Number of protein chains: 2
Amino acid sequence: MHEAGLRERKKAATRLALHEAALRLAAEEGLDRVTVEAIADAADVSRRTFSNYFSSKEEAIFYGDTVRLRRMLELIRDQPADEQPWTVLSRAAEALTIEVYGELAPTWLAQRRRVRRHPGLLAHHVAAYTTVERELAAELTHRLTGPEVALRSRVLAATCLATLRVALQQWIEHPDGPLLDMIRTALAEVRPTPGTPGPATGPG
Amino acid sequence: MHEAGLRERKKAATRLALHEAALRLAAEEGLDRVTVEAIADAADVSRRTFSNYFSSKEEAIFYGDTVRLRRMLELIRDQPADEQPWTVLSRAAEALTIEVYGELAPTWLAQRRRVRRHPGLLAHHVAAYTTVERELAAELTHRLTGPEVALRSRVLAATCLATLRVALQQWIEHPDGPLLDMIRTALAEVRPTPGTPGPATGPG
DNA sequence: AGCAATCTTGCGCGGCAGGCAAATTTGCGC
DNA sequence: GCGCAAATTTGCCTGCCGCGCAAGATTGCT
């Protein structure tokens with residue numbers, strides 16, 4: 001069995017090249033000044049080939065997020081089946097953050113900041129997260145007991161992903177300190193861990 | 001000051017007509033068999049006017065959700081400033097559900113079920129929720145104390161909206177029992193209320 | 001080398017977002 | 001009522017996009 005044949009490696013390279021070109025050009029020129037054709041040209045493929053990989057330039061821009069979230073699914077599967085669900089999610093999120101922190105170079109941060117100005121992209125960012133939401137919920141189903149497992153696993157998946165998304169957005173906008181701290185604070189706001197001093201929520 | 005001049009009322013009526021036409025036609029014919037022009041025709045306006053109201057047919061389809069979420073913002077503002085944030089959110093969500101439960105006629109449910117088959121629409125559903133997310137976060141800012149208020153209010157807003165969205169989706173797919181029950185269960189999963197028996201989370 | 005499976009590319013069609021300006025409708029003071 | 005200014009609708013138009021299709025190029029296996 002092949003780890004990765006030439007075919008697969010070429011496809012992955014093309015996909016990545018398209019993603020990077022899309023993000024870079026959108027940051028440099030502004031989203032609406034960049035055509036799909038320009039992205040394809042920058043990645044040395046035809047416009048038609050772009051469509052074979054992504055259904056829109058926005059999807060191409062957020063491909064990196066998709067990859068990272070799929071990696072998080074693996075990190076979840078690697079954990080013992082009898083852990084508390086939220087513990088599993090938190091650990092996976094923190095491990096992922098540490099893993100990819102190096103790849104989040106200043107260039108990446110700057111590009112994401114510029115791209116952020118386009119309000120329409122918010123929806124597509126969220127869309128990337130929603131794509132894996134069902135897979136994540138399916139993974140959590142096995143780790144829940146009690147009634148309403150279907151609903152509750154979906155709620156857990158959705159809230160966890162929403163929390164990570166917001167933490168990332170906040171860090172992109174105001175990166176004071178490590179991303180990991182921000183993710184921990186965000187996760188703690190949803191599920192205060194015993195031992196971590198929970199934040200005061202509300203006057204009084 | 002006018003409650004609503006003729007101008008405003010006409011605009012609201014047109015917007016609503018376009019929304020209803022979009023949802024109905026998408027449910028009947030399938031999203032990709034419905035053109036913007038067809039929606040505009042059904043609402044007795046020109047295709048160009050459609051674009052004055054919505055930037056895509058998907059946005060038109062989920063306009064109803066947008067309206068309901070804005071109503072929820074009002075319900076939040078109406079509550080005392082010294083309540084616990086999550087309590088405020090829960091009360092508003094439940095009040096909203098009760099308010100609009102009558103309007104969620106069987107027709108609406110059937111339409112939403114048919115429309116749900118189009119996987120691409122998921123992203124647009126989420127987009128509708130994300131649009132109000134920042135407004136909701138801003139509203140919560142005043143109700144939080146302690147450090148990292150900006151981050152934490154956004155996390156609360158995002159998790160609350162994600163929970164409501166998932167509960168609604170689950171109910172659309174499997175409406176066993178009142179929507180209100182499902183919303184309560186979903187809210188309880190993320191913030192177990194003292195007094196409500198929390199669900200067993202994990203084996204053991 | 002040869003063959004089948006897969007991927008890339010060019011072409012073309014229906015559709016869509018949105019700028020622009022003319023025509024219509026509404027609001028308001030008189 | 002009347003007429004004017006502001007707002008809205010509409011038609012026209014342009015560039016762009018998603019995707020079906022089929023021909024050509026590349027890869028994998030024997």
Side-chain angles (χ1 to χ4, degrees), chain A residues 1-19 21-23 25-26 28-63 117-124 127-128 131, chain B residues 1-19 21-23 25-26 29-63 118-124 127-128 131:
Chain A
M1 163 171 180
H2 295 276
E3 258 300 320
L6 177 58
R7 231 185 182 83
E8 296 305 318
R9 274 183 286 130
K10 266 197 159 183
K11 281 188 74 171
T14 301
R15 206 180 292 273
L16 192 61
L18 285 171
H19 158 64
L23 180 55
L25 290 176
E28 284 174 5
E29 316 275 346
L31 177 66
D32 37 11
R33 295 186 167 279
V34 179
T35 65
V36 167
E37 188 164 19
I39 299 172
D41 282 354
D44 279 308
V45 292
S46 69
R47 181 182 79 87
R48 188 62 185 79
T49 293
F50 176 94
S51 286
N52 290 339
Y53 284 90
F54 299 107
S55 66
S56 69
K57 43 185 173 185
E58 292 86 356
E59 188 181 316
I61 287 176
F62 292 111
Y63 171 64
R117 303 201 172 269
H118 261 274
L121 277 181
L122 220 303
H124 291 275
T131 301
Chain B
M1 167 170 180
H2 295 276
E3 260 299 321
L6 178 58
R7 231 184 181 85
E8 296 305 317
R9 272 183 287 131
K10 265 198 159 183
K11 281 190 73 171
T14 301
R15 197 174 243 105
L16 192 60
L18 284 170
H19 158 63
L23 180 55
L25 290 176
E29 316 275 348
L31 178 66
D32 38 10
R33 295 186 166 278
V34 180
T35 66
V36 167
E37 186 164 21
I39 298 171
D41 283 353
D44 278 309
V45 292
S46 69
R47 190 196 69 81
R48 189 60 184 78
T49 293
F50 176 93
S51 285
N52 291 338
Y53 284 90
F54 299 107
S55 64
S56 68
K57 43 186 173 183
E58 292 86 356
E59 188 181 316
I61 287 175
F62 291 111
Y63 171 64
H118 263 275
L121 277 182
L122 220 304
H124 292 274
T131 301

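All values reported here derive from a predicted model rather than from experimental measurement. Quick note on labels: first sequence line is chain A, next is B, and so on, each numbered from 1. The analysis underlying the following values was restricted to heavy atoms, covering all of them including side chains, and did not include hydrogens, waters or symmetry mates.
If you take NZ of B:Lys11 and C1' of C:dT25, they are 13 Å apart, rounded to a whole angstrom. The CZ atom of A:Phe54 sits 21 Å away from the P atom of D:dC16 (whole-angstrom rounding). Rounding to whole angstrom units, CZ of residue A:Arg15 and P of C:dT8 are separated by 9 Å. Rounded to whole angstrom, the span from the CD atom of B:Glu8 across to the C1' atom of C:dC28 amounts to 15 Å. The interatomic distance linking A:Glu59 (CD) with D:dC17 (P) rounds to 14 Å, in whole Å. With rounding to whole Å, B:Lys57 atom NZ is found 13 Å from D:dG18 atom P. At whole-Å resolution of the value, CD in A:Glu58 and P in D:dC17 are 9 Å apart.
Residues A:Arg15 and A:Phe54 meet the side-chain proximity criterion, which asks for heavy atoms closer than 4.5 Å. Proximity of A:His19 to A:Phe62: side-chain heavy atoms (C-beta onward) are nowhere separated by under 4.5 Å.
One finds a side-chain N or O of A:Lys10 lying less than 4.0 angstrom from the OP1 or OP2 phosphate oxygen of D:dT27.
The closest side-chain donor-acceptor pair between A:Glu58 and A:Ser56 falls under 3.5 angstrom.
At least one donor-acceptor pair under 3.5 Å links the side chain of A:Lys57 to the backbone N or O of A:Val34.
Contacts between residues 37-53 of chain A and DNA chain D, defined by a heavy-atom separation under 4.0 Å, are made by A:Arg47, A:Arg48.
Under the rule for a salt bridge (charged side-chain N to carboxylate O under 4.0 Å, His left out), B:Glu29 has no partner lying at least two apart in sequence or in another chain. Every residue was checked against the side-chain hydrogen bond (donor to acceptor under 3.5 Å, both in side chains) condition with A:Arg47, not counting sequence neighbours, and none meets it.
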